[in-house]
Amino acid sequence: MSATTTISLSTTYDAIVIGSGIGGLVTATQLAAKGAKVLVLERYLIPGGSGGYFEREGYRFDVGASMIFGFGDKGTTNLLTRALDAVNKSIETIADPVQIHYHLPEDLELKVHRDYEEFLQELIALFPHEEKGIRGFYGECWDVFNCLNSMELLSLEEPRYLMRVFFQKPFSCLGLAKYLPVNAGDVARKYIQDPKLLKFIDMECYCWSVVPALKTPMINAGMVFSDRHYGGINYPKGGVGQIALKLAEGLVEAGGEIKYKARVTNILMENGKAVGVKLADNTEYRAEKIISNATRWDTFDKLLPPQYTPKKEQKWRQRYQKSPSFLSLHLGVDAKVLPEGTECHHILLEDWNKMEDESGTIFVSIPTLLDPSLAPEGHHIIHTFTPSWIEGWQNLSPQEYQRKKEVAASKLIHRLEAIFPGLANALDYQEIGTPRTHRRFLGREDGTYGPIPRRKLAGLLGMPFNRTKIPGLYCVGDSTFPGQGLNAVAFSGMSCGHRVAVDLGL
Ligand SMILES: NC(=O)c1ccc[n+]([C@@H]2O[C@H](COP(=O)([O-])OP(=O)(O)OC[C@H]3O[C@@H](n4cnc5c(N)ncnc54)[C@H](O)[C@@H]3O)[C@@H](O)[C@H]2O)c1
Ligand SMILES: CC(C)=CCC/C(C)=C/C=C/C(C)=C/C=C/C(C)=C/C=C/C=C(C)/C=C/C=C(C)/C=C/C=C(\C)CCC=C(C)C
């Protein structure tokens, strides 16, 4: 068959989901559970995207996500638990007693304990003059969280749901409406004066939102700073990849389909409406609704002809830009290198002025402290990453690229020796990922971690929901409200599933 031959398949689906990241899988499972005929197309070999895994020499490494919110067993904000439950799946999890052990400049060293009061006591001991401010700021985060955690979380684009939830929980709705345009840094400044404590609050935001507190939406901060104590951080037994594997399993059991090695190259348009997709091998599939779990840049610049880029997208790009990608180091190490009592997640920064710089902040995750089965006996996994832009990794010869990776890895290991002395001599396995790796394996433009505000914006107000200006086309994942994070994209998936189901008349 010639390369240009197009194979059109006669089956018509209710919905096609492009990509099996957690956002895409949650949408697909929500729809399949409601009886829709769903097809998920994934370019890679396994599901999960940034929440995927890979195996090397007896180690099972998490690709990206490692600090998992949304796995609690109470309230309404435990969206990963709920998404799995919708297709009759569950995952055994291991409670992490400390969310992050911070190693910050000027000897600012502290742990965010799962127990809220224990965390506050540790922070207040470092800033006794700010006790009232600390309690005030984190207390207001709880106000936001309590609003969210009191209501059913579905599509904010569905007026009947909004009316229902408003009548059921008017104060929670009004509370959230009040916080939608607010950023965490402005709330922090109402309570806290100490500049060093404000820098700490910046780091508390930066380490998941990739921007300082003044640019971090308060609703997201309320979720993160409270749920870590309420539902807690819980690691899935068998690795983060289990979440996607179970969702994919549940999808198929609910009557949905998932195809791997199925790279979508075009969204097919007819009379201004999205009607199907075309794969790299020229196969075409058609559906009533097309849902893209690719980033907005990939969706609108690559999958659609340029004349279809809505004006709204151009405007959005004036407000949001691609965040940097990461340089990731997946290490297998001799267990003896970790001192007794080492915590699972660490943040390391030596100079406050470098927090947002390329290679400034170092993130560390050691999942084998919670689930030893992920590494050979007597060994641990240290997954460490630091922000990195694609530009520095382009136009290199294979030798230059290899050399640059090794230099960057050894610099990271050298800095990590400050918390894990002897690390360089304890290495058993090493794999280095760059922004190019993330672009290639996750299909994310420039390997970006997701959208970040170009300047200070009004909280979450500018983040688009799931519908797009193109009839029949929806977006899901971290390019949509409320942004990055597995629990955040699970929300995006739940609301996308809800909106599409209503549009399909289900
Ligand atoms: N908690 C953590 O520690 C941590 C760390 C890193 C990332 N994350 C989070 O993971 C989340 C990512 O979730 P997501 O759902 O937005 O997306 P994702 O990028 O994880 O998944 C997108 C999927 O779509 C596939 N894809 C892309 N283009 C395609 C095409 N043309 N055809 C077929 N398949 C295609 C990709 O291969 C990938 O599997 C982010 O929100 C990020 O914040 C969390
Ligand atoms: C009716 C009326 C009047 C009104 C209306 C209003 C309303 C109702 C509103 C609503 C809203 C809503 C619902 C919202 C929601 C939201 C959400 C869900 C959110 C979520 C969020 C989440 C998040 C953000 C998360 C995140 C996380 C992350 C990102 C993480 C990350 C991590 C990492 C990176 C790691 C780090 C570290 C180390 C490793 C150390």
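In what follows, every heavy atom counts, from backbone to side chain, and hydrogens, waters and symmetry copies are set aside. For clarity, every value in this text was computed on a predicted model and none was experimentally measured. Note that ligands are numbered from 1 as they come in the structure, with each ligand's atoms numbered from 1 the same way.
- Checked against the 6.0 Å centroid criterion, the rings of His229 and Phe119 qualify as a close aromatic pair.
- Among protein heavy atoms, the minimum distance from atom 37 (C) of ligand 2 is reached at Met67 CE, 3.4 Å.
- Taking the side chain as every heavy atom from C-beta outward, Tyr102 and Lys111 never approach each other to under 4.5 Å.
- With hydrogens left out, the protein atom closest to atom 15 (O) of ligand 1 is Gly23 N, 2.9 Å, a heavy atom.
- Of the candidates Val144, Asn220, Leu486, Thr76, it is Asn220 that places a heavy atom closest to atom 21 (C) of ligand 2.
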Would you give me the side-chain donor-acceptor pairs under 3.5 Å for residues 166-176, sequence neighbours excluded?
{"from": "Ser172", "atom 1": "OG", "to": "Ser150", "atom 2": "OG", "distance (Å)": "2.8"}

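- At a heavy-atom cutoff of 4.0 Å, ligand 1 is contacted by the backbone of Ala262 but not by its side chain.
- The nearest protein atom to atom 8 (C) of ligand 2, hydrogens excluded, is given as Leu156 CD2, 4.0 Å; this is a heavy-atom distance.
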Practice problem: Kindly indicate, with the supporting measurements, whether the criterion salt bridge (Lys or Arg N to Asp or Glu O under 4.0 Å) is fulfilled by Arg317 and Asp301. | Solution: CA-CA 12 Å; Arg317 286 175 196 194; Asp301 290 349; 3.1 Å; yes
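- Taking all heavy atoms of Phe166, Tyr161, Phe491, Phe481 into account, the minimum distance to atom 3 (C) of ligand 2 is reached by Phe166.
- Between the side chain of Asp96 and the main chain of Asn234, no donor-acceptor pair closer than 3.5 Å is present.
- Between Gly447 and Ser325 the shortest heavy-atom distance is O-OG, 2.7 Å.
- At a 4.0 Å cut-off, at least one heavy atom of Tyr449 sits close enough to ligand 1 to count as contact.
- Of all protein heavy atoms, the one closest to atom 40 (C) of ligand 1 is Asp478 OD2, 3.0 Å.
- Taking only non-hydrogen atoms, the option from Arg43, His383, Arg263, Met67 nearest to atom 27 (C) of ligand 1 is Arg43.
- Counting heavy atoms under 4.0 Å from ligand 1, residue Trp208 does not touch it at all.
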Exercise. Please lay out, stage by stage, how His346 and His103 fare under the test ring pair (Phe, Tyr, Trp, His ring centres under 6.0 Å).
Key: CA-CA 7 Å; His346 300 256; His103 312 263; 5.1 Å; yes
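- Taking all heavy atoms of Tyr102, Tyr449, Phe363, Phe69 into account, the minimum distance to atom 29 (C) of ligand 2 is reached by Tyr449.
- In this structure, Phe145 and Gly222 approach most closely via the heavy-atom pair CB-O, 3.6 Å.
- For atom 24 (O) of ligand 1, the nearest protein heavy atom (residue, atom name, distance) is Gly19 CA, 3.1 Å.
- Residue contacts with ligand 1 for Leu442 involve N, CA, C or O but no side-chain atom from C-beta outward (heavy atoms, distance under 4.0 Å).
- Here the protein heavy atom with the shortest distance to atom 16 (C) of ligand 2 is Ile219 CG2, 3.8 Å.
- Between Gly51 and ligand 1, not a single N/O pair is under 3.5 Å apart.
- Taking every non-hydrogen atom of Gly477 and a distance limit under 4.0 Å, the qualifying atoms of ligand 1 come out as 16 (O).
- The protein non-hydrogen atom at the shortest distance from atom 33 (C) of ligand 2 is Cys207 O, 3.8 Å.
- Among Tyr53, Phe54, Phe385, the one residue that satisfies the ring-ring contact (aromatic ring centres under 6.0 Å, His included) test with His330 is Phe54.
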Exercise. Give the intermediate values and the outcome of salt bridge (Lys or Arg N to Asp or Glu O under 4.0 Å) for residues Glu42 and Lys261.
Key: CA-CA 6 Å; Glu42 167 56 53; Lys261 294 199 269 182; over 6 Å; no
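- Atoms of ligand 1 lying under 4.0 Å from any heavy atom of Gly485, numbered from 1 in the order shown and given with element: 40 (C), 41 (O), 42 (C), 43 (O).
- Closest protein heavy atom to atom 12 (C) of ligand 2: Leu148 CD2, 3.6 Å.
- The minimum heavy-atom distance between Ser492 and Phe481, with the atom names listed, is CB-O, 3.7 Å.
- Among protein heavy atoms, the minimum distance from atom 39 (O) of ligand 1 is reached at Glu42 OE1, 2.6 Å.
- Figure legend: Arg444 and Tyr449 shown without cation-pi pairing, the cationic atom not lying both under 6.0 angstrom from the six-membered ring centre and within 45 degrees of its axis.
- The protein non-hydrogen atom at the shortest distance from atom 23 (C) of ligand 1 is Gly21 N, 3.5 Å.
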Exercise. Mind running side-chain hydrogen bond (donor to acceptor under 3.5 Å, both in side chains) on His438 and Ser50 for me, showing each step along the way?
Key: CA-CA 9 Å; His438 297 300; Ser50 311; over 6 Å; no
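- At a 4.0 Å heavy-atom cut-off, ligand 1 does not touch Asp298 at all.
- Residues in residues 237-250 take part in these salt bridge (charged side-chain N to carboxylate O under 4.0 Å, His left out) pairs, two or more places apart or across chains: Lys89-Glu249.
- Closest heavy-atom contact between Pro387 and Thr361: CD-O, 3.4 Å.
- Here the protein heavy atom with the shortest distance to atom 20 (O) of ligand 1 is Ser50 N, 2.7 Å.
- Residue-level proximity to ligand 2 for Val224 is carried by the side chain, the only part with a heavy atom below 4.0 angstrom.
- In the vicinity of Arg444, heavy-atom distances shorter than 4.0 Å reach the ligand 1 atoms 17 (O), 18 (P), 19 (O).
- Using a 4.5 Å heavy-atom threshold, the side chains of Asp446 and Pro435 count as separate.
- Proximity of Tyr285 to Leu41: side-chain heavy atoms (C-beta onward) are separated by under 4.5 Å at one or more points.
- Using a non-hydrogen distance threshold of 4.0 Å, Ser66 registers as a contact of ligand 1.
- By the criterion of a heavy-atom distance under 4.0 Å, both the backbone and the side chain of Val264 are placed next to ligand 1.
- For Cys173, the heavy-atom gap to ligand 2 drops under 4.0 angstrom.
- The nearest non-hydrogen atom to atom 39 (C) of ligand 2, considering only Asp62, Val364, Val489, Leu153, comes from Val364.
- A donor and an acceptor atom, one from each side chain of Tyr179 and Glu140, are located under 3.5 Å apart.
- In terms of protein heavy-atom proximity, atom 9 (C) of ligand 1 is closest to Leu486 CD2, 3.9 Å.
- With Ala488, Ala65, Gly493 as candidates, the residue nearest to atom 6 (C) of ligand 1 on a non-hydrogen basis is Ala65.
- Contact annotation for Val165 and ligand 2: no heavy atom of the residue comes within less than 4.0 Å of the ligand.
- No close placement of the Tyr116 and Tyr138 rings is indicated, their centers lying 6.0 Å or farther apart.
- The protein heavy atom nearest to atom 26 (C) of ligand 2 is Gln484 O, 3.5 Å.
- Using a 4.5 Å cut-off on side-chain heavy atoms (C-beta onward), Phe69 and Thr77 make no contact.
- Looking only at heavy atoms of the protein, atom 14 (P) of ligand 1 is closest to Asn293 ND2, 3.7 Å.
- For atom 17 (C) of ligand 2, the nearest protein heavy atom (residue, atom name, distance) is Pro482 CG, 3.7 Å.
- In this structure, the protein non-hydrogen atom closest to atom 30 (C) of ligand 2 is Trp208 CB, 3.6 Å.
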